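Note that the structure is a prediction, hence the values are computed from the model and not measured.
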Amino acid sequence: MGNPLHETSISDATNIEQNGKEVSVFKDFLSLIKIGIIHSNMLTAITGIVLALFYNGLSFRDYIVEIILSLAGIWLVIAGSTTLNNYIDRDIDELMDRTKSRPTVTGNFPLSFVLTIGFVFIATGSLLLFQTSFPAGVIGLFGAFVYVVLYSLWTKRKYTLNTIVGSFSGAVPPLIGWAAIDPDFHLAAWVLFFIMFIWQPPHFLALAMKKVEEYRRVGIPMLPVVYGFPMTKRQIMLWVVSLFPLPFLLSPLGPTFIGIATSLNIAWLAAGLYQYRGDDEKWATRMFIFSLNYLTLLFLSIIAFSIVKIVGI
């Protein structure tokens, strides 16, 4: 008849093993779609939506369908694009410490599944975006094309300008969000685009400095690999300075917002000037972390001041 306690322990062990596999599959899926990139891009997409509502004097209630469709579409297009990027980069990902555990490297997901997920997500997301407006769908497809073809397949492994090319795709989510509400773009929509476009080079170049030996080992011509740290640091500082005029183009959000945004710009510049000629790795780490906090605080500020204006507080 067997020992009931022994049977229970076997059952428990089986459940733990199954739960562990489920957790592992879920973690692999999040790694496959690069959930961190999706989170940051969704914040900028929401900013585009909210800012468009404010500038056009519209309410959330009247555009709830467009908001839901656009957010779902943007999420899927980004997830599909990053999935295809993982498929393309699987040969170099296995040689880099921060990417060697991705499921396209470990083989946890079949490559046919990865390709299917990538294309299905992009197609489905694009269809949802076209339901909001034609420009939103076109921009979504443009962003996917730039990231997958122009960046991942072409420039990433050949040119130091790969970061600039990739920045075009990373800058379109707020434009898509705006276009879902207002297909006729206002200057403010392009301000969001340029904030994102300019923010990305200092962010990713700082990361490239931190991981320079890994990029060198796999033959990716990132700026610090080809031209060294001094050139890279100068480029980072120039990009940071280029952000300074942009908040003033969002003056309808009010002087308090402009003050906050300008303070963030000054703080990022100060972080770069501090120990500029000191330890390069520490400098790059500080600039990378600050870039993440900068983006979050700036776009949350835009959202908050837009909502305040919309509801009339």
Side-chain angles (χ1 to χ4, degrees), residues 34 36-52 54-55 70-71 73-75 77-79 81-82 85 125 129 135-136 138-148 150-151 155 161-182 185-208 235-236 238-250 253 257-258 260-262 264-265 268-269 287-306:
K34 298 187 180 182
I37 290 179
I38 292 177
H39 283 161
S40 60
N41 279 277
M42 293 308 293
L43 172 63
T44 68
I46 292 171
T47 306
I49 291 170
V50 175
L51 198 64
F54 161 58
Y55 268 79
S70 62
L71 291 179
I74 292 168
W75 196 98
V77 169
I78 296 172
S81 300
T82 51
N85 171 265
L129 293 178
V138 170
I139 297 170
L141 287 174
F142 170 78
F145 175 78
V146 170
Y147 187 67
V148 175
L150 299 186
Y151 172 70
T155 60
L161 288 176
N162 54 18
T163 306
I164 308 301
V165 173
S167 294
F168 280 98
S169 60
V172 299
L175 272 187
I176 301 172
W178 183 292
I181 305 299
D182 173 22
F185 296 105
H186 187 280
L187 172 63
W190 294 106
V191 172
L192 292 182
F193 172 86
F194 281 111
I195 288 175
M196 278 306 300
F197 180 81
I198 295 171
W199 172 84
Q200 289 174 93
H203 170 75
F204 287 109
L205 289 178
L207 176 62
Q235 288 290 315
I236 289 174
L238 286 173
W239 284 107
V240 170
V241 170
S242 299
L243 287 165
F244 272 68
L246 295 178
F248 296 93
L249 299 177
L250 297 176
L253 291 177
F257 164 75
I258 294 176
I260 292 173
T262 301
L264 287 171
N265 287 333
W268 198 359
L269 180 63
M287 293 298 280
F288 178 76
I289 293 173
F290 195 96
S291 68
L292 293 172
N293 293 326
Y294 172 93
L295 182 72
T296 302
L297 292 173
L298 180 63
F299 277 79
L300 285 178
S301 296
I302 296 173
I303 292 172
F305 281 94
S306 297

Spacing of [atom1] belonging to [X] relative to [atom2] belonging to [Y], to within rounding of 0.5 Å:
X	Y	atom1	atom2	value
L292	S40	CG	OG	8.0 Å
Y151	T163	OH	OG1	6.5 Å
L51	I46	CG	CD1	13.5 Å
Q200	L205	CD	CG	11.0 Å
S169	F197	OG	CZ	10.0 Å
M196	L295	CE	CG	5.0 Å

Side chain to side chain, [X] and [Y], heavy atoms closer than 4.5 Å:
X	Y	result
V77	I176	no
L253	I302	yes
I236	P201	no
F257	L298	yes
V146	V172	no
L264	N293	no
Y294	L243	yes

**Asked** When the ring planes of W190 and F193 are compared, do they come out parallel, tilted or perpendicular, using 30° and 60° as the limits?
**Response** perpendicular
**Request:** For the pair W199 and F204, name the ring-plane relationship: parallel under 30°, tilted 30 to 60°, perpendicular over 60°.
**Result:** perpendicular
Locate the shortest heavy-atom distance separating [X] from [Y]; write the atom from each residue and the value.
X	Y	value
T262	F248	OG1-CZ, 3.7 Å
L71	M42	O-CE, 3.3 Å
V240	L269	CG1-N, 3.9 Å
H203	F288	CE1-CE1, 3.2 Å
F299	T47	CD2-OG1, 3.1 Å
A189	L175	O-CD2, 3.7 Å

**Request:** Check the pair N265 / L246 against side-chain contact (heavy atoms from CB on, under 4.5 Å), numbers first and verdict last.
**Result:** CA-CA 10 Å; N265 287 333; L246 295 178; over 6 Å; no
**Prompt:** For F194, does the CZ atom sit with more than 12 other heavy atoms under 6.0 Å from it, leaving out its own atoms?
**Reply:** no
**Message:** Checking the side chain of T155 only, and the main-chain atoms of L150 only, is there a donor and an acceptor separated by less than 3.5 Å?
**Reply:**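 Flag set: sc T155 to bb L150 pair under 3.5 Å.
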**Request:** Output yes when a side-chain donor or acceptor of T44 lies under 3.5 Å from a complementary backbone atom of N41, and no otherwise.
**Result:** yes
